[in-house]
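Report on one structure; see the data block that follows.
Note that this is a predicted model, so its numbers are computed, not measured.
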Amino acid sequence: MTYWLIKSEPDVYGIDDLKKEQVGVWDGVRNYQARNYLKSMQTGDYCFFYHSNTKPPGIAGLAKIVETMVVDPSQFDINSDYFDPKSTVDAPRWHTVKCQYVETLPELISLETLRSHFGEDELLVVKRGTRLSVIPVSFESADRLLKIGAFTTAFQPLM
DNA sequence: GCCAACGTTGGC
DNA sequence: GCCAACGTTGGC
């Protein structure tokens, strides 16, 4: 089991949207490094749901992977911003996951708070200039995050 | 709105 | 394969 941090702009798709849907396809990732992380996700992995490009940015809640290696449907949708003309149904370029809503934090863990607890090497999202939208989180950092935020889900973060 | 960081594109 | 130009992300 692995922990991840997944970024999204709440104006586009935030934790409230996932709560409404309960299960959502994490579509629209068009960066190979992020995609490779998505492809390595396993059912049952937890994702810290990070709100970017908002005030203040930070971790807003928690999601869980319920399906892996999902073919991102938006790559075939000519009307989508994420349409990829080089992708074919036989050889899709973009795979992703389905996430299930777990919980929303009563109080967002702001980027500022994250920076006060973690160094750049401990949690990549605090590193200036990091644009990667899917980031692995070590067990150690996940354990600390779970203590910093008011999570209600029971965890066994260290394995 | 600015701009640093950095990924991608395309000419050569 | 290099690298300049360009586009995007995302904090501030």
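Using cut-offs of 30° and 60° for the angle between ring planes, the A:Tyr3 and A:Phe139 rings count as perpendicular.
Salt bridge annotation for A:Asp16-A:Lys20: absent, with no cationic side-chain nitrogen under 4.0 angstrom from a carboxylate oxygen.
Sorted by first and then second residue, the pairs that involve residues 46-73 of chain A and meet salt bridge (Lys or Arg N to Asp or Glu O under 4.0 Å), not counting sequence neighbours, are A:Arg30-A:Asp72, A:Glu67-A:Lys98.
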Exercise for review: Treat primed atoms plus P, OP1 and OP2 as sugar-phosphate and everything else as base, then score nucleotides 5-12 of chain C 5' to 3': B for base contact with protein heavy atoms under 4.0 Å, S for sugar-phosphate contact only, - for none.
Suggested key: --BBBSSS

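Partners of A:Tyr32 under the ring pair (Phe, Tyr, Trp, His ring centres under 6.0 Å) rule, at least two apart in sequence or in another chain, are A:Trp94.
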Practice item. Might you work through the side-chain contact (heavy atoms from CB on, under 4.5 Å) test for A:Asp27 and A:Tyr13, ending with a clear yes or no? Key: CA-CA 10 Å; A:Asp27 65 355; A:Tyr13 191 87; over 6 Å; no

